There are 2 protein chains.
Amino acid sequence: MEKVSLKVIAKELGVSAATVSLVLNGKNKNGRVSEEMSKKIIDKAAELHYIPNSLAKGLKMGHSKSIGLIVADISNVFFGTLALHIQNYAEKEGYTVIIGNTNEKLEEMGKIITFLNSRQVDGLIITPAEGSEVLIESVLKGKKPLVLVDRGFPDLNVPSVLINNYEICYRSTKQLIDQGFKNPAFITYRQDQFHTNERKRGFIEAMKDAGLFTPDHVKEVSYQYLNEDMDKAISQLLKCEKKVDAIFFATNTISMAGVKSLFKRGMLIQKDIQVMCFDETDAINLFPFRVPFIKQPIEEMAKSALELLIDQIEKKDVKNQKLFLEAELIT
Amino acid sequence: MEKVSLKVIAKELGVSAATVSLVLNGKNKNGRVSEEMSKKIIDKAAELHYIPNSLAKGLKMGHSKSIGLIVADISNVFFGTLALHIQNYAEKEGYTVIIGNTNEKLEEMGKIITFLNSRQVDGLIITPAEGSEVLIESVLKGKKPLVLVDRGFPDLNVPSVLINNYEICYRSTKQLIDQGFKNPAFITYRQDQFHTNERKRGFIEAMKDAGLFTPDHVKEVSYQYLNEDMDKAISQLLKCEKKVDAIFFATNTISMAGVKSLFKRGMLIQKDIQVMCFDETDAINLFPFRVPFIKQPIEEMAKSALELLIDQIEKKDVKNQKLFLEAELIT
DNA sequence: CTGAAAGCGCTTACAG
DNA sequence: CTGAAAGCGCTTACAG
């Protein structure tokens, strides 16, 4: 099967490649090409199953109509869902998305950015890894359109789509307190990222405002030894002077590990101990008891991130907008 | 910041673009370019942060060094994990992967294939949707390298990476029977796909061989109304003449919906009723009781699929191999 | 109104 | 041993 290019169609019809290009791209303004030839070209393209070569088009046009999406791990449901929605919206706008996984590693993130740049992506949507400010700044310097999502850097002037982490965690903690829990605890990652810091701050402030704050009730676990650290953290919390009667888990992976650890100890959730989670997960929906959780507007986040990116790509409109979408406490 | 191309480097060094290309691609055989100039070129490229334009390279070379991966839904953990591993292996081989979601819809699948072709992917890895034989055949005709994964078509001569669905389901069912369960049931999707048919067949044959088969104990649910159908199916199973004492769920989404439905009825899993699942899920790992499940070798599947594809792309080696990897029953 | 030509950034066969 | 030239498939400014 011969490769079908513009030239092939042109030759078959005894017309120039330019004419074919014009017609097929709907750029046949003010009747440059006759109705009749137009139709012939369109028919012939269909007959030959002509598929334009987007590499050539991209090279000529100086854009690839593709964007890079960099996440920590595409097999994590949160990122998977984010990716799905970003792809859906991107498709509507005619963009492909190429996904890269960092595994939360800085070096990986650097490699992926270079790789995506060589692929000539028109822009980047990134959930930045810890400590990647410098990398992000270098992308900014390269003038490549960029949007941060889920995680942002307060000191960096870069378009970002975030959620109201502080506020939602404050409110959720307050609700626990209002329900009568006297000793809620908080378990989060041992990392210095703005979004998790904000979640922690929300918890701490709410506790302070209620006069209940105990520093020992905030525990940190590592990404790498999640399950082991979780077992230890929960052990400690249950041995605390003021025995913990509720736990607020700061992310979906932490929530899963936490619930697992509680199950292992034979504790009855929402009876022996109250639990509050971040993000919806398959598992949460399964339980015969209700677990309140904070629901992030993932689809909206995807949509906004893409809009912010495409605004930059197409309208060269570089307002450094930071969007804070509202998460919701589902009880 | 000026765009850095080969030409820029060449001009700065007073040498031709050809020479720069040769050196940077390590094609400087038999000392065509002097050591000294070589070093200068490499240094200059680093200094200018030269990133090759893979669009141009792809256009010239006739390959894009990218492959398309078509799955039903990237936010499903099974596909997410598959995608993660495929990306990891692809990266090692210097390939990008572009992911498309079909949502199990035939038209979507067709659109995505055309789209990926226009992106000039060098090959396709597909988990085909129901009824997509004709589409797959048309891809085959286009001579584009192709590998099917997870789901295959027995009548089609196309390289595929599958698992031993029949056998593993036979063995798993037999184990239920050996454990003393007299009335196991099977719940699967109402669809005509080879892989799910094989799973069902494994269950049925094992039941027949034990003299226990009851047609009423095989239920089918729809993809679209999964939860409603599941509630109905389980109701019926529990009302059966021979009361069901175990349920074998045929996929991970079905397993989740099934467990949820059982919880809703207040049934104690592995006490009131024995449950067996397909695929590992976060939720399964959570429970304080053990749920036996069939573990697919996802990473191996990813690796084999990629190998089969790259063999075709690079060595033009088109043996129509069907690989059957072994799933494992984890109890 | 239409076609020929140039050029996007690269690679490689060819001429010197 | 090295550079000039052609060409991958497209688009668009330009000349007729």
Side-chain angles (χ1 to χ4, degrees), chain A residues 1-41 44-45 48-66 94 114 117-122, chain B residues 1-41 44-45 48-66 94 114 117-122:
Chain A
M1 205 163 69
E2 193 190 4
K3 272 255 178 111
V4 183
S5 69
L6 278 186
K7 239 192 247 170
V8 174
I9 299 179
K11 206 181 290 172
E12 294 245 340
L13 261 26
V15 79
S16 80
T19 306
V20 178
S21 170
L22 248 30
V23 170
L24 258 24
N25 286 300
K27 292 200 175 152
N28 178 24
K29 306 238 164 87
N30 45 33
R32 207 191 128 139
V33 184
S34 68
E35 264 310 307
E36 205 193 327
M37 184 50 81
S38 252
K39 197 175 169 328
K40 268 196 195 168
I41 289 173
K44 183 57 86 179
L48 265 32
H49 298 111
Y50 170 66
I51 298 178
N53 182 328
S54 59
L55 257 36
K57 184 165 185 170
L59 178 60
K60 176 67 192 174
M61 306 286 277
H63 61 231
S64 61
K65 280 280 178 178
S66 68
T114 304
N117 277 334
S118 82
R119 289 298 207 199
Q120 311 299 115
V121 293
D122 298 332
Chain B
M1 208 162 66
E2 191 189 4
K3 272 252 179 113
V4 184
S5 69
L6 278 187
K7 239 192 250 172
V8 174
I9 299 179
K11 204 181 290 174
E12 295 243 340
L13 259 26
V15 78
S16 81
T19 306
V20 178
S21 169
L22 247 30
V23 171
L24 259 24
N25 286 300
K27 293 202 174 149
N28 178 25
K29 306 235 164 90
N30 46 30
R32 203 191 130 137
V33 184
S34 69
E35 262 312 307
E36 204 193 328
M37 183 49 82
S38 252
K39 198 177 169 325
K40 267 195 196 169
I41 288 172
K44 183 57 84 178
L48 263 32
H49 299 111
Y50 170 66
I51 297 178
N53 182 330
S54 60
L55 257 38
K57 185 165 184 169
L59 178 58
K60 177 67 192 168
M61 305 286 276
H63 61 232
S64 61
K65 282 278 178 180
S66 68
T114 303
N117 277 334
S118 84
R119 295 315 262 208
Q120 310 298 115
V121 292
D122 298 332

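In what follows, every chain begins at residue 1, and chains take the letters A, B, ... in the order their sequences are listed. For the numbers below, each heavy atom of this structure counts, side chains included, while hydrogens, waters and symmetry mates do not. This one's a predicted model, so the numbers in the text were calculated from it and none came from an experiment.
Applying the 6.0 Å contact sphere to NZ of B/Lys40 captures no more than 12 heavy atoms from other residues, nucleotides or ligands.
Side-chain atoms of B/Val15 lie closest to D/dG3 of the nucleotides C/dC10, D/dG3, D/dT12. Among the nucleotides C/dC10, C/dG3, C/dC8, the one closest to the side chain of A/Ser16 is C/dG3. Considering only the side chain of B/Asn53, C/dG9 comes nearest among D/dC10, C/dG9, C/dT11. For B/Pro52, taking side-chain heavy atoms from C-beta onward, the closest of the listed nucleotides C/dA4, C/dC10, D/dT11 is C/dC10. When each of D/dT12, D/dC8, D/dT11 is scored by its nearest atom to the side-chain atoms of A/Lys7, the top-ranked nucleotide is D/dC8. Nearest nucleotide to the B/Ser5 side chain, out of C/dT11, D/dC10, C/dG9: C/dG9. Here the nucleotide nearest the side chain of A/Leu59, chosen from D/dT11, C/dT11, C/dG9, is C/dG9. In this structure, of C/dG3, D/dT12, D/dA5, it is D/dT12 that holds the atom nearest to the side chain of A/Lys27.
B/Val4 and B/Tyr50 make their closest contact through O-CD1, 3.4 Å (heavy atoms, listed as atom of the first residue, atom of the second, distance). Annotation for B/Arg119 and A/Ser64: closest pair NH2-O, 2.6 Å, computed over non-hydrogen atoms.
Going from atom CG of B/Leu55 over to atom C1' of D/dT11 covers 14 Å, rounded to whole Å. One interatomic measurement links the two molecules: NZ of B/Lys57 to P of D/dC10, which rounds to 21 Å at whole-angstrom precision. B/Lys60 places its NZ atom 9 Å from the C1' atom of C/dA13, with the value rounded to the nearest Å. Here C/dG9 presents its P atom at 11 Å from NZ of B/Lys11, a figure rounded to the nearest Å. As a whole-Å value, the separation of B/Leu6 CG from D/dG3 P is 14 Å. As a whole-Å value, the separation of B/Asn25 CG from C/dA13 P is 13 Å. Distance, A/Leu22 CG to C/dA5 P: 18 Å, rounded to whole Å. A straight line from CE of B/Met61 to P of C/dA13 spans 10 Å, rounded to a whole angstrom.
In a base pair of the Watson-Crick type (N1 to N3 plus N6-O4 or O6-N4) or a G-U wobble (N1-O2 and O6-N3), with each distance short of 3.5 Å, C/dA4 is matched with no nucleotide. Pairing partner, D/dA13: none, since no Watson-Crick or wobble contact has both distances short of 3.5 Å.
The phosphate of D/dC10 (OP1 or OP2) has a side-chain N or O of A/Tyr50 nearer than 4.0 angstrom.
Not a single donor-acceptor pair under 3.5 Å links the side chain of A/Ser118 to the backbone N or O of B/Ile51.
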Which donor-acceptor pairs under 3.5 Å do the side chains of residues 13-22 of chain A make with protein atoms, sequence neighbours left out?
unit_1: A/Ser16; atom_1: OG; unit_2: A/Ala18; atom_2: N; d: 3.3
unit_1: A/Ser16; atom_1: OG; unit_2: A/Thr19; atom_2: N; d: 3.2
unit_1: A/Ser16; atom_1: OG; unit_2: A/Thr19; atom_2: OG1; d: 3.1
unit_1: A/Ser21; atom_1: OG; unit_2: A/Asn25; atom_2: ND2; d: 3.4

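Comparing A/Thr19 and B/Ser21 against DNA chain C, the residue whose closest nucleotide sits nearer the 5' end is A/Thr19.
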